[in-house]
Structure formats: C-alpha cells, structure tokens
Amino acid sequence: MNLTDILKKTGIENFKKEEILFLLNQKEEDAREEIYRAARKVRQKYFNDQVFFYGFVYFSTYCRNNCSFCFYRKENKQPPRYRKSRQEIIETAVSLKESGVHLIDLTMGEDPYYISHPEELIETVREVKDKTGLPVMISPGVVSHKVIDQLAEAGASWYALYQETHQKKLYDSLRTGQPYEERMAAKEYAAQKGMLIEEGLLTGVGESREDIYLSFQEMERLGASQVRTMTFIPQDGTPMGKIERRSFHDELLNIALMRILFPDRLIPASLDVDGLNGLKQRLMAGANVITSIIPPKKGFAGVASAKTDIDEGGRTVEGIMETVKECGLSDAGALSYQKWIEKRQSQR
C-alpha cells in the first residue's frame, strides 16, 4: 500500500479495513509525520485552523464503581473525596465563562448521592446553563432514560460516557461489573433524544490495532459528534497501578486518524494527561478542542492527572494561548461553537 495515496481520502466510509489497519501500523517517525500533516490539512479545511475551549468542573470524586484503571474507583483509599456544593459549581462555571471557554463540562464519578437524588444533578445543569448561557456537557455515568430526558430538558447539549474500548473482553477487565450493553444503551438513548454524544477510547491498556479499528467503527455507528482518545496513566491504589506507562505517540496517531476518518467532528487535545507539556503535540496531530481547562486554587481536581498544572494556572485559557498560537491556531469563539452545535443537531 502507498501511504501518500491512502491519505488523499477522508471519511471512514471511504476507507477499507486493511487501509485503516495499515495506517495504525505506521511506526516510523517520517510516516507518522506525514499522517499528522494530512490531519492538519483536514482540520484547516473543515475548521479553518480554529479551536474550541472546554471548561472542566469535576464536581464529585465519589464513585460507586471499581474501574481497574481509575484513581477514583470506590475501593481506592488514596484520592481526596469531595462533593462540591451547587453554589461552588455555579461560581466556577461562571468564572470559566468569563475566562473565555466555549462549553462547561460537568463531570463526576458515578456518585451514589446524585444517582439517588437525580433532581440535584438536573437542577445543577439547569442553573449552570441559565447563569452562563454556554452549552453544557454532562458526564454523570450511566443514568436512567428518565434522567437523560430531564438532563436534556434542563439544557444539557452533550452526554459524555466512554466505553474506553469496544472489545468486550478488554472492556470487562477495565470497567469491572458494568455491563457493556447497558453503558452503550444509555448513549444510544441520549442520541435518540437529540443530545450530542462524546465517545472515547484509552490507549496503552492492552488494545490491539484490530481493537482500535473496532472502536472507530463503533464511533461511526453511534454517530458520535466528539471522538477522543487518551493515554492510560497508571494510578496508585488501583489494580493497574503497576503497569508501565506507554508513550503518548499512539494517542497522537489515533488523534490524527480520527481527524482523517471523522473530518467534521470535534476531537479533543486533553490537558488531563500531560498538562501543557503535551498540548502542542496533540494539536499538531489534528485536535481542534482543548479540554480540561480548570480554574486554579479552587480545590477542583483533574481525572487522569489530578493536579498537573492546575494550581499553577497552566490549565486556563490564558495559560494555553501561547501554545495555541505556536501551532498556528486561533480561538474560534463561543458564538462559532454554538453555531457548530446547532448545525450538528440539525444533521442528526
């Protein structure tokens, strides 16, 4: 196969399976750089080299689950546990809006309190939407269809719920005790109700190239409007805590291939893996969203990297702008983001 010829195409429907696997198997630096260049050209065509900024509010670190990879798993005694008040959440969301973000990402563990008191979650979404006027992404874990209906009615535009992998045996080893079909069904229902879906996969957890290909196929089948990939970071106090961390180069390749396969979708460069240190590489691989922007010294944590660059102010709009400009990119603006959402919703 010829790499240059394959990279003339975009859109997953235009690729054969063997071509995608061929791209996933590129290990030489020169070949990967060619793929990154192709991804940047696609981003320029579809998004005019503009990027979106997501404000991150991780408002509860309590969780009922025991995911083998997650620092905040129920049985881990090491992480700080907190549950922010609604007022703290709203004040943080407002400050994030004032700093220049385009979306508020409300994330929690599957907190038993909110699971049993969904009205608290729904009212929080409603007030954040009312006070900021920004689109809201909610990441509450698996919730009932009734709660999904109410979250959509309260103003949530996005439902984020990652499988991490779509190879079911591997999934079962990562998200222990959480039925694959139940998690997928929640996303499918949210999509039917008109919410936009974010889907994600982890790299460095034992996945094969075939597994990644399967994830790409499932992202397309689901109609995910935002697709993401993150490198697994071993966490203290977890069953996978002793696994050697792999480099983020496979994540970069996944980002680039997602851009080529899903040219009109949103693809994050997360600050939650390597903080500012890895932002440039992820943007240069074709990402067009910067996620996990967190206000400093407010007592909020990240997820994969609970503290990296937060209180130093590196994970703020101001803190990322130099890197954005170095990559030849610019702030798309909140109005542009709102128009993208409205266009995407009209297509579904």
Report yes or no: is the cationic atom of Arg175 (NZ for Lys, CZ for Arg) closer than 6.0 Å to the six-membered ring centre of Tyr180, at no more than 45° off its axis? no
Heavy-atom closest pair (Ala39 atom, Ala285 atom, distance to 0.1 Å) is CB-O, 3.3 Å
Ion pair present between Asp272 and Arg315, side-chain N to carboxylate O less than 4.0 angstrom? yes
Show the nearest heavy-atom pair for residues Ser215 and Leu201, with the distance to one decimal. CB-CD2, 3.6 Å
How many angstroms lie between atom CD1 of Ile320 and atom CD1 of Ile290, to the nearest 0.5 angstrom? 3.5 Å
Quick one about Gln87 and Glu91 (side-chain donor to acceptor, distance below 3.5 Å, no hydrogens or angles considered), yes or no? yes
Minimum heavy-atom distance between Leu24 and Leu253, given as atom pair plus value: O-CD2, 3.5 Å
Using a strict 4.0 Å threshold on nitrogen-to-oxygen distance, state whether Glu218 and Arg221 make a salt bridge. yes
side-chain contact (heavy atoms from CB on, under 4.5 Å) for Thr316 and Ser99? Distances and angles first, verdict last. CA-CA 8 Å; Thr316 62; Ser99 77; over 6 Å; no
Would you say the side chain of Asp49 lies within less than 4.5 Å of the side chain of Arg43, judging by non-hydrogen atoms? yes
Taking it one step at a time, do Lys193 and Glu188 satisfy salt bridge (charged side-chain N to carboxylate O under 4.0 Å, His left out)? CA-CA 9 Å; Lys193 298 301 293 186; Glu188 292 171 340; over 6 Å; no
Under 3.5 Å, is there a donor-acceptor pair linking the side chains of Gln338 and Glu342? yes
Can you establish whether the number of heavy atoms outside Glu28 located under 6.0 Å from its atom CD is more than 12? no
Does Asn76 reach the main-chain N or O of Phe71 with its side chain, forming a donor-acceptor pair under 3.5 Å? yes
Ser208 backbone acceptor or donor facing Asp211 side chain under 3.5 Å: yes
Tell me whether Glu123 contacts the main-chain N or O of Glu120 through its side chain, where contact means a donor paired with an acceptor under 3.5 Å. no
Tell me whether Glu88 is salt-bridged to Lys298, with the criterion being a basic N under 4.0 Å from an acidic carboxylate O. no
Mark yes or no for whether Ser336, through its side chain, and Gly333, through its backbone, hold a donor-acceptor pair below 3.5 Å. no
Are the aromatic ring centres of Tyr337 and Phe52 under 6.0 angstrom apart? yes
State yes or no: are the ring centers of Tyr213 and Phe15 separated by less than 6.0 Å? no
Under a 3.5 Å threshold, yes or no: a donor from one side chain and an acceptor from the other, between Glu34 and Thr4? yes
Please say whether more than 12 non-hydrogen atoms of neighbouring residues, nucleotides or ligands are located less than 6.0 Å from NZ in Lys9. yes
Carboxylate-amine/guanidinium contact Asp250 Arg32, below 4.0 Å: yes
Any side-chain heavy-atom pair from Leu134 and Ile104 closer than 4.5 angstrom? yes
side-chain hydrogen bond (donor to acceptor under 3.5 Å, both in side chains) partner of Ser225, the single match among Gln345, Gln347, Arg344: Arg344
Check whether Asn25 reaches the backbone of Leu21 with its side chain - one donor and one acceptor, N or O, closer than 3.5 Å. yes
Heavy-atom donor-acceptor pair, Ser346 side chain to Lys343 backbone, under 3.5 Å: yes
For the pair Arg183 and Glu110, find out whether any cationic side-chain nitrogen is under 4.0 Å from an anionic carboxylate oxygen. yes
Does one hydrophobic cluster hold both Leu170 and Leu202, with members joined at side-chain heavy-atom distances below 4.5 Å? yes
Just one of Val42, Thr10, Ile12 clears the side chain to side chain contact (heavy atoms under 4.5 Å, CB included) bar with Phe262, so which one? Ile12
Mind listing the closest non-hydrogen atom pair of Ala334 and His102 along with its distance? N-CD2, 3.4 Å
Please tell me if the side chains of Phe22 and Leu3 come closer than 4.5 Å, counting only heavy atoms from C-beta onward. yes
Between Glu251 and Thr203, is there a side-chain donor-acceptor contact under 3.5 Å, judged purely by atom types and distance? no
Geometric cation-pi criterion, Lys187 with Tyr159: 6.0 Å, 45°: no
Evaluate the criterion side chain to side chain donor-acceptor pair (under 3.5 Å) for residue pair Arg265 and Asn288; output intermediate values, then yes/no. CA-CA 9 Å; Arg265 314 294 172 86; Asn288 68 326; over 6 Å; no
Tyr189 and Asp149: side chain to side chain donor-acceptor pair (under 3.5 Å), yes or no, with the steps? CA-CA 9 Å; Tyr189 181 78; Asp149 290 342; 2.7 Å; yes
Quick one: does NZ or CZ of Arg83 land under 6.0 Å from the six-membered ring centre of Phe59, within 45 degrees of the ring axis? no
Using a distance-only test with no angle check, is there a side-chain donor-acceptor pair under 3.5 angstrom linking Thr61 and Arg81? no
Between Ala156 and Ile138, the two heavy atoms sitting closest are CB-CG2, 3.9 Å
Given side-chain contact (heavy atoms from CB on, under 4.5 Å), test Leu271 with Thr291 step by step and report yes or no. CA-CA 6 Å; Leu271 292 165; Thr291 64; over 6 Å; no
With a 4.5 Å heavy-atom cut-off, do Met137 and Gln226 have their side chains touching? yes
Using only atom types and a distance under 3.5 Å, with no angle test, would you say the side chain of Lys74 pairs donor to acceptor with the backbone of Cys63? no
Would you call Glu153 and Lys129 a salt bridge, taking side-chain N to carboxylate O under 4.0 Å as the test? no
Side-chain heavy-atom pair Leu266, Trp340 within 4.5 angstrom cut-off: yes
Greater than 12 external heavy atoms within 6.0 Å of Glu318's CD: no
Taking the basic N atoms (NZ, or NE/NH1/NH2) and the acidic carboxylate oxygens, is any pair closer than 4.0 Å for Asp172 and Lys169? no
Quiz question: by atom type and distance under 3.5 Å, do the side chains of Glu199 and His166 form a donor-acceptor pair? yes
On a heavy-atom basis, the closest approach of Ser60 and Asp111 is OG-OD2, 2.5 Å
Between the side chain of Asn66 and the main-chain N/O of Glu75, is any donor-acceptor distance below 3.5 Å? yes
Is the shortest side-chain heavy-atom distance between Phe248 and Asp274 below 4.5 Å? yes
I'd like to know whether His249 forms a side-chain contact (heavy atoms from CB on, under 4.5 Å) with Leu252, so could you lay out the CA-CA distance, the side-chain angles of the two residues, the decisive distance to 0.1 Å, and finally the verdict. CA-CA 5 Å; His249 292 291; Leu252 298 182; 4.0 Å; yes
Are Met284 and Tyr36 close enough that some pair of their side-chain heavy atoms sits under 4.5 Å apart? no
So Trp158 and Ile341, do their side chains get closer than 4.5 Å, heavy atoms only? yes
Between Tyr82 and Lys84, is there a cation-pi geometry (under 6.0 Å to ring centre, at most 45° from the normal)? yes
Short side-chain to backbone donor-acceptor contact, Glu207 and Gly204, under 3.5 Å: yes
Going through the distances and angles, do Val142 and Leu161 end up as a side-chain contact (heavy atoms from CB on, under 4.5 Å)? CA-CA 8 Å; Val142 176; Leu161 188 70; 4.1 Å; yes
Does Arg282 reach the main-chain N or O of Gly278 with its side chain, forming a donor-acceptor pair under 3.5 Å? yes
